[in-house]
Amino acid sequence: MFKMMNEKYCLIDTTLRDGAQSPLIMFSDKEKISIAEMLDKKGVYQIEAGIPAVGKAERDMIKEIKTVCEKAKISVWNRLNKDDIQASLECQADIIHISVPVSYRQIHDKLQKDEIWLMDKIEEILTYTVLYAEEITIGMEDASRADVDYMINIIKKVQQFGVKTVRFADTVGIMTPIVVFQQIKELIENTAINIEFHGHNDLGMAIANSIAAVEAGACFIDTTVNGIGERCGNCDMDKFIFAASTIFANKKMRG
Amino acid sequence: MITDVTLCYREKAKQYEQRQILQALKRLPIDSIEMSIPIWENISWGQLPHHRYALRITEYKDIKKYQGFSRYILSDDLKHMAGYKQSIIFNADGKKIQQRITGDAGLSVIQMQDVFKQWHKTEIISFEPLDLSGQATALAVSWLESGGQNIVTAFNGLGCHAPLEEVLLTMHLENIKKIEGNLDFTVLQKILPISANKPIVGKSIFAVESGIHVDGILKNPQLYEPYPPELVGGQRQIVLGNISGKNSIEAKLKELKINYAQIDNAAILKRVKEKSRMLCRAITDKEFFDLIGWKGNV
């Protein structure tokens, strides 16, 4: 008989970061503030507000979002490099999120590096970032196509720097719920890390996969308003809340 | 076995559209096309070939009245099992051959594994998951992965069903049933309203604006594409806007076949971002031509 692995989970909204990467949508500054205020009022635990490295206008907007949100934690997205982190520190966000490509394809074809280089780079960037950041989370980009043992090594590495939460990103939206459940369960059992699940909807499974992630013990689920996002979008916040409230009638969801 | 019920939900469409849908479905790897009696009466043009067509009937005697179908589905409104509605499937001789289970019991895919085990112990079941909790595709595929043989879908999720296109692609990627050649959804995409970001068939799902993603796709399209666009008749498209990068400019110039040796990509990128922020949207190719001062044909 199935037993749910955790009793509480929180929503992280990435409408203003991943949602805004949809080529179909571009928010005005006024709209961004309104969305952030709405999410804050709804009680969303964390708002991923943007990518500071994009430019000054983005950084100014993130600072403003930080001032209008009373409860939600504000996080900012970074690549694994010092310039991005410095741009983020200027925004005084609550959480510095650093994306680390973890699949063979991403490491070798995109970064054009290898696994040893990546581990060294993680150490270099985290050594620097921990000096200034209040909280750091790590995003395992393309986790769905990565080797689970390698991800366990990455998690153990970042835990040495006090990282408590790691994002499991189904970057190209190809996972199915049973695989999500098995892999997240395995990562948690081997590292006791907090998992944040980030689903994409390329096969129409973002909601089912996010539900499976919660069942496997994920503490955080990434969503966007109306499911907007790259390609077919992300996990739709309202649809996820509806599904979760039906399926986990007795479980607790924050935000 | 995939049974598609798209036609059942187009009873009010014009006759030629219904026929177009039928022809389009016949070109897809579907095992059975199901229709309702009003649809059949509207588009019938002779005897249907065996094995491919199923008819939704309202009473048992309809089997004799509407001969030529390989299967007949009779809904039993009074029969329910664990939150699911039940129907009986008969063969052309009127013999019961399967049971269909329809609905969404509000259980997750993981929770459903125990239910599937029970279903496997009974008779042959055709599963028609509905999308009330946004899990229909996952439930359909999961049933097949558990050893189930029969599922029911509808194109674009019509009638709150598991979308046919999502099920076909997942079956392909999960090696349950590989797609031979490409899938042709063109006619269905023209006839039925589809949102731009609808998985598999939305017109903008292969458009990419983010500089990071464009950079990745230029190095290897598989980095940010779950399957090749050509597989579903799609096309990759680079869109320029506020989150573009220098590589996006270079890629766009290449796409538009413009000699870019003399163009300062950084300066152009700055202007693209300014223009995009001003318009509050991505910029069109025509606007890009204007920005770089290109006087050629658009």
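Remember, predicted model here, so these are calculated numbers, not experimental data. Throughout, protein chains are lettered first and strands after them, A, B, ... in sequence-line order, and every chain is numbered starting at 1. Worth knowing before you read on, the calculation uses all heavy atoms, side chains too, and leaves out hydrogens, waters and symmetry mates.
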Legend entry - Polar side-chain atom of A:R231 near backbone of B:V208 as donor-acceptor pair, under 3.5 Å: no
Contact summary for [X] and [Y], nearest pair of heavy atoms:
X	Y	answer
A:I247	B:G106	CG1-O, 3.4 Å
A:D202	B:P199	O-CB, 3.4 Å
B:E166	A:L203	OE1-O, 3.5 Å

Interface moiety of [X] toward chain B, non-hydrogen atoms closer than 4.5 Å:
X	answer
A:T246	both
A:T176	side chain
A:I178	both
A:S103	neither

Legend entry - Members of residues 212-222 of chain B whose heavy atoms come closer than 4.5 Å to chain A: B:I212, B:H213, B:G216, B:K219, B:N220, B:Q222
Legend entry - Residues in residues 129-142 of chain B that sit under 4.5 Å from chain A, counting heavy atoms only: B:L132, B:S133, B:G134, B:Q135, B:T137, B:A138, B:V141, B:S142
Inset, instruction - Would you please say whether a donor-acceptor pair under 3.5 Å links the side chains of B:S210 and A:E230? - result: no
Inset, instruction - Could you go through the side chain to side chain contact (heavy atoms under 4.5 Å, CB included) check for A:Q106 and B:Y224 one step at a time? - result: CA-CA 9 Å; A:Q106 290 269 341; B:Y224 290 109; 3.7 Å; yes
